[in-house]
Novice: 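Quick one: the structure is below, questions incoming.
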2 protein chains.
Amino acid sequence: MPKDPVTRNDVAEYAGVSTAVVSYVVNEGPRKVAPETRERVLDAIRALGYRPNATARALRMGTTRTFGLITPDGGNPLFAELAKAIDREAAARGYVVLQTSADGDPVTERAKIAELLTRQVSGLVLVAPTADPSLDDVEVPVIAINRVLPTVSSVRPAYREGARAGVEHLVSHGHRVIGLVIGGAGHPERELGWRDALTAAGLPEGPIARATFSREGGYRAAQTLLSAEPTAIFASSDLQAIGVLRALHEAGVRVPEDVAVAAFDGTPETEYTWPPLTVVRQPVELVAREAVRRLIDGEDAMEALTVPTELILRRSCGC
Amino acid sequence: MPKDPVTRNDVAEYAGVSTAVVSYVVNEGPRKVAPETRERVLDAIRALGYRPNATARALRMGTTRTFGLITPDGGNPLFAELAKAIDREAAARGYVVLQTSADGDPVTERAKIAELLTRQVSGLVLVAPTADPSLDDVEVPVIAINRVLPTVSSVRPAYREGARAGVEHLVSHGHRVIGLVIGGAGHPERELGWRDALTAAGLPEGPIARATFSREGGYRAAQTLLSAEPTAIFASSDLQAIGVLRALHEAGVRVPEDVAVAAFDGTPETEYTWPPLTVVRQPVELVAREAVRRLIDGEDAMEALTVPTELILRRSCGC
DNA sequence: ACCGGTCTGGAAAGCGGTTGCTAGCGTCGG
DNA sequence: CCGACGCTAGCAACCGCTTTCCAGACCGGT
């Protein structure tokens, strides 16, 4: 039953005041309105069911109080968690989030960015963006998450240090052949961390398998890794680790007795795998909070912030 | 380096035409523009890096081409998958999605709805909404997903029939004591389907455990269920089933040899549990497509559509 | 009685687009 | 040669809201 919308004009007429006055009371601004008038307006608003039109407001004010959020894949639990956290932070500040997936495709990504800019978002969050989305003539703040980009501010976990800590823990369990399942090109840090740990322990480099950041990818990677007979495997993401676990189970390899496993990310899913996964957790809430803070407060432009990770010990490493 | 935005006025001036003409070429509407003029305008647009202001357009046109999407929890893989599918469908039609979580709280949900309406969304998708969000004076189309609401159109999987099919499959494996892990109140259909299957097979009612729709809930529910010594368990959601698997593993119960497990939902996660879960998959893409179609085409108002589920056989049932 | 100050409400100008209506003008048929 | 028509481009109003500026009412002080 679509009645046509009630505008500020209707309210003004109903209350017997000018439209300006309605604005004054709605915004509770510095303008003073006589208490009696104010009540009349509020009554009118209630009676008519008036809802201010944020579009008009945005046009007039020059700000939509809306963020754009682009992830490579909304179905990925890590990004879903991130999106949720960003939404929470944004909502707390009166912002709202336009969320969309770019499927990891640079062309789609660029198109989505353009679309969001057209819609006058007040800020843009790019989660794990592709190489260079060309953000030169963008007039709103942009922040990249989990990847540093040449021209924009960024927030990301301490990939290298975190990976190193995870692998070092594996080393501390006595493992000498520690395999790595790593994502494609463009994300070298976790691999470096793994190397750091191995060389620091005086160990030879272990076997590496490259795979997409997916369960399927981890599954296949683990199968190839198995021939090198590692006693432990570090996966660069949860999803991959879950694939690794499956491959190990299918091969009759016991975890952690025969092969220990640890992974980067630490989404909730990892607490319920079998066995539960030891993970290097990236602090999603912290990243989200910092991203939103920067977008709104607009400070620290161009700075690349690294946030610490947390090693969570569970059964898959042998603890 | 925030330059101030280039508007249609700048383009008009640069191209030496009126602002109206810019509109004509941008919209490729029915209005005819001389090819030469058109080229001049396009050049101006490129040269200036003009981006039409969707806010102004929305104000004038009375439509934002934006949907609002509210889920109980953006972190839940099922909802994340749904959101992704809705985004894809919407994007294909030139729409964009404002997504937010309501944490399953009616008050938050109402507040979010109000916020989205204020922002003039062109349609509202409520995923598994709470009981009655009071949508009387809403002047945009609303669609409820996975729950039928008194006054709005809805799309949901065939919960009862799907659950029945899942349980019947368990019965076909010879199981006689089939436990149920079910969500809280307000979602009776899957429970009814379970009952249907049992009575149709002439079996006595099996043990029931109620739990939240979470891994943790399923975990605890399974622990209480174990005392009834079921030989199979049907979980009303993936998340719960994953909790169930963990409880069984911890208790040293083998799946599927000692206890078979099946679940409703069928998110990708279930393909990589150990053992892989037999699931009644709800057709997320179909639901999303239908929801978006209804929102845009505005037909079938108030109709409650039920879409069929698909039984996917994997190892956890003994197949 | 007059003046200045304070307080409240209204008129109106935009924000950046869209679009109905109109005007200029070249062309063509009569 | 003249009038009509078709094509292209411009004017201007409007979408709903904010905000500046102004006007009037009322107060107290002189």
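Just so it is clear: chains get the letters A, B, ... in the order the sequence lines come, proteins before strands, and each one is counted from 1.
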Novice: Using whole Å, what does the distance between atom P of nucleotide D:dG16 and atom CZ of B:Arg57 come to?
Specialist: 17 Å

Novice: Hydrogens and angles aside, do B:Thr130 and B:Glu109 bring a side-chain donor and acceptor to less than 3.5 Å of each other?
Specialist: yes

Novice: What pairs of donor and acceptor atoms, side-chain ones from residues 7-20 of chain A against any protein atom, are under 3.5 angstrom apart with sequence neighbours left out?
Specialist:
residue : atom : partner : partner atom : Å
A:Thr7  : OG1  : A:Asn9  : N            : 3.0
A:Asp10 : OD2  : A:Thr7  : N            : 2.8
A:Ser18 : OG   : A:Ala20 : N            : 3.2

Novice: Of all the nucleotides listed (C:dG9, D:dG10, C:dG16), which has the minimum atom distance to the side chain of B:Tyr24?
Specialist: D:dG10

Novice: Check B:Pro52 against B:Val26 and note the closest heavy-atom contact, atom names and distance.
Specialist: CG-CG1, 4.4 Å

Novice: Which label fits A:His187 and A:Phe213: parallel for a plane angle under 30°, tilted from 30 to 60°, or perpendicular past 60°?
Specialist: perpendicular

Novice: Contact class for B:Arg60 (heavy atom, under 4.0 Å): base, sugar-phosphate, or nothing?
Specialist: base

Novice: Tell me which of A:Val22 and B:Met61 sits closer to the 5' end of DNA chain D, going by the nucleotide each one is nearest to.
Specialist: B:Met61

Novice: Could you check how far CD of B:Glu139 sits from P of D:dG16, rounded to whole Å?
Specialist: 12 Å

Novice: If every non-hydrogen atom of A:Val148 is compared with every non-hydrogen atom of A:Ser154, which pair is closest and at what distance?
Specialist: CB-OG, 3.7 Å

Novice: Are the side chain of A:Arg119 and the backbone N or O of B:Thr64 linked by a donor-acceptor pair below 3.5 Å?
Specialist: yes

Novice: Of all of residues 34-54 of chain A, which get a heavy atom below 4.0 angstrom from DNA chain D, listed by number?
Specialist: A:Tyr50, A:Pro52, A:Asn53

Novice: Under 3.5 Å, is there a donor-acceptor pair between the side chain of B:Asp265 and the main chain of B:Thr267?
Specialist: no

Novice: Is any side-chain nitrogen or oxygen of B:Asn27 closer than 4.0 Å to OP1 or OP2 of C:dT18?
Specialist: yes

Novice: Please give, in whole Å, the distance from D:dT19 P to A:Lys32 NZ?
Specialist: 19 Å

Novice: Would you mind reading off the bend of the helix from C:dA1-D:dT30 to C:dG30-D:dC1 from its two end axes, five pairs each, to 10 degrees?
Specialist: 60°

Novice: Please determine, for the side chain of A:Thr7, which listed nucleotide (D:dC17, C:dG17, C:dG9) has the closest atom?
Specialist: D:dC17

Novice: Is the shortest side-chain N/O distance from B:Ser23 to OP1 or OP2 of C:dT18 below 4.0 Å?
Specialist: yes

Novice: Out of D:dC17, D:dG16, C:dT19, which nucleotide sits closest to the side chain of A:Leu59?
Specialist: D:dG16

Novice: Ignoring hydrogens and angles, does a donor from either the side chain of B:Arg8 or the base of C:dG17 sit under 3.5 Å from an acceptor on the other?
Specialist: yes

Novice: Under the salt bridge (Lys or Arg N to Asp or Glu O under 4.0 Å) test against A:Glu89, which residue among A:Arg289, A:Arg293, A:Lys84, A:Arg294 passes?
Specialist: A:Arg289

Novice: For A:Glu303, is there any backbone N or O sitting under 3.5 Å from a side-chain donor or acceptor partner on A:Ser153?
Specialist: yes

Novice: Between D:dC17 atom C1' and A:Arg65 atom CZ, what is the distance in whole Å?
Specialist: 16 Å

